[in-house]
Amino acid sequence: MNEKEVLLESQKWLNIISSTSLTDEQQQVIIGETIENFSFYFNRGYLDYRKSVIEMKDQPALEWRGEGCWFEDIMGRRFIDCLGGYGIYSAGIRHPKIVKAVADQLIRMPLSSQELLDPLRGALAKLLGEVSPGDLQYCFFINNGTDAVEGALKLARIVTGRTNFISSLRGFHGKSCGSLSLMGKWEYREPFLPLLPGIHFVEFGDADAVEDELYKADQTGKGVAAVIMEPIQGEAGAIVPPDDFWPRIRKVCDEYGALLIADEVQTGMGRTGKMFGVEHWNVVPDIMCLGKALGGGVMPLSAFISTPKIWQVLESNPFIHTSTFGGNPLACAAGIAAINVTLEEDLPGQAHRKGKYLLGELVALQIRYDRLIRQARGRGLLLGMEFPNTEIGYKVVSGLFKRNVVVAGTLTNSRVVRFEPALNVPDALLDEILERLEDTLKEIDRTTYNIQQEED
Ligand SMILES: Cc1ncc(COP(=O)(O)O)c(C=O)c1O
């Protein structure tokens with residue numbers, strides 16, 4: 001394309017963005033162009049993976065609008081959102097109070113001058129400090145979960161003067177180089193080795209193993225800067241640790257002078273039935289990472305938060321860790337509104353009540369379809385269903401998709417399908433999802449039971 005053509009092409013898309021209705025013909029053109037654009041300018045690999053393409057070959061589903069627990073494709077086909085954008089839509093899609101805060105801020109000042117003090121950054125920091133457990137008080141804002149983890153790693157290193165970390169097998173903390181070093185699944189790591197040195201892995205939930213690694217590092221003079229864990233493993237398939245795990249790792253971290261980092265990127269903001277996952281065990285970490293739902297499902301926003309004592313190290317030179325877009329006014333407006341809505345609607349309480357109901361029903365399905373379902377588990381509305389093999393898992397996901405319910409697998413355990421609806425999901429919609437799930441399971445049981453094969 002020459003410059004003039006690029007100008008026309010961009011204007012065409014601006015017109016599409018601002019249009020309130022599209023003709024059937026326009027819809028078809030946009031679908032065709034999107035497939036072409038992904039093929040030739042983005043990454044054609046996505047077209048082989050997205051259910052919205054492979055399960056709907058003739059009419060691929062293009063995401064167009066959404067509200068609450070529903071979204072629609074460009075042709076107006078409606079889907080129940082039981083995935084919550086991998087945990088970002090705790091307040092639902094386009095929550096009116098969060099959208100209004102962002103829209104109001106948008107017309108005043110969208111991004112930061114980088115020089116004047118921005119009040120919303122301070123206001124959100126205060127709110128977060130006030131809702132966070134124990135003496136967690138000072139925070140830094142960025143845009144993705146992985147950025148929060150990178151910041152936490154740097155903070156732990158600068159405070160302790162140590163470089164080793166303990167992470168968990170199948171744990172997920174992001175995919176930039178530092179957070180990827182903590183990743184407990186080889187497929188994502190191998191092409192990028194060597195990653196950060198000095199990362200030791202233990203089974204999630206095994207406090208003895210954490211203590212053992214701390215002991216060994218101590219004895220060999222290496223010292224561990226921090227132990228990093230998700231309160232409940234999300235991408236590994238909604239794994240809840242034994243009740244003594246978090247209290248015990250808190251204790252051994254203190255004994256060995258290591259910091260304890262809670263990666264609450266997915267569990268935070270009410271998802272598991274408490275405001276933060278560590279609150280299930282009354283543990284206060286030294287650093288907590290937040291992301292996903294923190295931006296209210298409207299803006300990208302993440303943070304890491306720590307204690308006044310630890311934060312001192314960043315005060316003499318605040319520019320030692322910076323981000324151009326981190327803590328921008330739009331994201332902070334979304335974060336302030338997200339905290340407001342989380343408390344006003346008691347989203348943690350809703351997650352607790354609805355999660356208990358949904359998990360109970362999933363367990364009942366497990367009993368009825370024990371040939372197909374190995375386990376239903378999780379806490380709050382971070383739930384997973386494990387199947388004997390990935391083939392059955394995929395059939396469940398695609399069967400639900402055909403029935404207009406969107407769920408997905410988890411990233412480091414492909415046999416587990418996640419159920420992460422908005423925390424304010426209406427009760428009746430949960431029943432609708434369960435009905436469609438049972439319908440799907442019935443069909444799979446009937447048609448594919450004989451070809452099941454156990455994977456290890
Ligand atoms: C626990 C946890 N930490 C970090 C991340 C990375 O977040 P992001 O994809 O926003 O970088 C995720 C993403 O799923 C996560 O679940």
Side-chain angles (χ1 to χ4, degrees), residues 83-90 140-156 165-185 187-189 192 195-196 199 201 204-205 226-241 246 260-272 274 276-278 280 285 287-305 323 325-328 331 334-335 338 378-384 407-414 416-420:
L83 172 59
Y86 292 99
I88 59 180
Y89 292 128
S90 291
F140 183 87
F141 297 115
I142 41 280
N143 310 298
N144 284 297
T146 197
D147 303 329
V149 173
E150 296 292 338
L153 295 183
K154 284 176 70 182
L155 182 57
F165 289 89
I166 297 175
S167 183
S168 59
L169 294 173
R170 290 171 293 282
F172 187 90
H173 301 282
K175 290 186 185 160
S176 50
C177 278
S179 62
L180 185 62
S181 309
L182 307 166
M183 163 89 73
K185 189 173 184 188
E187 282 98 320
Y188 296 115
R189 304 168 53 87
F192 305 102
L195 291 160
L196 279 183
I199 314 289
F201 290 93
F204 182 67
V227 172
I228 178 163
M229 298 280 160
E230 298 157 78
I232 292 167
Q233 278 190 328
E235 297 308 321
I239 313 260
V240 183
W246 273 88
L260 180 59
I261 304 174
D263 181 348
E264 296 257 11
V265 166
Q266 189 153 186
T267 50
M269 301 294 285
R271 173 59 53 189
T272 68
K274 297 267 186 196
F276 302 104
V278 287
H280 287 291
I287 306 174
M288 190 166 77
C289 301
L290 297 171
K292 291 192 187 273
L294 184 61
V298 175
M299 289 298 297
L301 174 63
S302 66
F304 60 97
I305 179 161
S323 159
F325 292 120
N328 67 74
R379 189 158 295 178
L381 283 170
L382 180 57
L383 299 178
V407 292
T410 51
L411 274 178
T412 63
N413 185 349
S414 50
V416 178
V417 170
R418 66 212 290 157
F419 294 82
E420 282 193 72

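Computation of the quantities below employed the complete heavy-atom set of this structure, encompassing side-chain atoms and omitting hydrogens, waters and symmetry-equivalent molecules. Atoms within a ligand are numbered from 1 in the order they appear, just like the ligands themselves.
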Inset, instruction - Indicate the atoms forming the closest heavy-atom contact of L180 with Y188, along with that distance. - result: CD1-O, 3.6 Å
Inset, instruction - Would you tell me which option among G87, G145, S179, P231 has the nearest heavy-atom contact to atom 8 (P) of ligand 1? - result: G145
Legend entry - Interatomic distance, L153 atom CG to S167 atom OG [nearest 0.5 angstrom]: 9.5 Å
Inset, instruction - Would you mind telling me if ligand 1 is within reach of the side chain of Y86, the backbone, both or neither, using heavy atoms under 4.0 Å? - result: neither
Inset, instruction - Please report the shortest heavy-atom distance between T146 and S179, naming the atom on each side. - result: OG1-OG, 2.5 Å
Inset, instruction - With heavy atoms only and a cut-off of under 4.0 Å, state how H173 meets ligand 1: side chain, backbone, both or neither. - result: backbone
Inset, instruction - Would you name the heavy atoms of F201 and S181 that are closest together and state the gap between them? - result: CZ-O, 3.4 Å
Legend entry - ligand 1-proximal atoms of K175, by part, heavy-atom distance under 4.0 Å: neither
Inset, instruction - Between T146, L301, I142, flag the one that comes closest to atom 11 (O) of ligand 1 by a heavy atom. - result: T146
Legend entry - Per-atom contacts, ligand 1 versus E235 - under 4.0 Å to a heavy atom: 14 (O)
Inset, instruction - Pull out every atom of ligand 1 sitting under 4.0 Å from any heavy atom of E230, numbered as shown with elements. - result: 1 (C)
Inset, instruction - For N144 and D147, indicate whether the former's side chain and the latter's backbone hold a donor-acceptor pair under 3.5 Å. - result: no
Inset, instruction - State if K292 counts as touching ligand 1 under the rule of any non-hydrogen atom under 4.0 Å. - result: yes
Inset, instruction - I would like to know whether F304 and I142 meet side chain to side chain contact (heavy atoms under 4.5 Å, CB included); could you show each step before the answer? - result: CA-CA 8 Å; F304 60 97; I142 41 280; 3.9 Å; yes
Legend entry - Under 4.0 Å to a heavy atom of N144 - the qualifying atoms of ligand 1, by number: 10 (O), 11 (O)
Inset, instruction - Please write down residue, atom name and distance for the protein heavy atom closest to atom 15 (C) of ligand 1. - result: F172 CD2, 3.7 Å
Inset, instruction - Any chance you could measure S168, atom OG, to D263, atom CG, to the nearest 0.5 Å? - result: 9.5 Å
Inset, instruction - Considering only non-hydrogen protein atoms, determine which one is nearest to atom 3 (N) of ligand 1 and report residue, atom name and distance to 0.1 Å. - result: D263 OD2, 2.7 Å
Inset, instruction - Salt-bridge test for E264 and R271: reply yes if a basic N is under 4.0 Å from a carboxylate O, no otherwise. - result: no
Legend entry - Identity and separation of the nearest protein heavy atom to atom 16 (O) of ligand 1: Q266 NE2, 2.9 Å
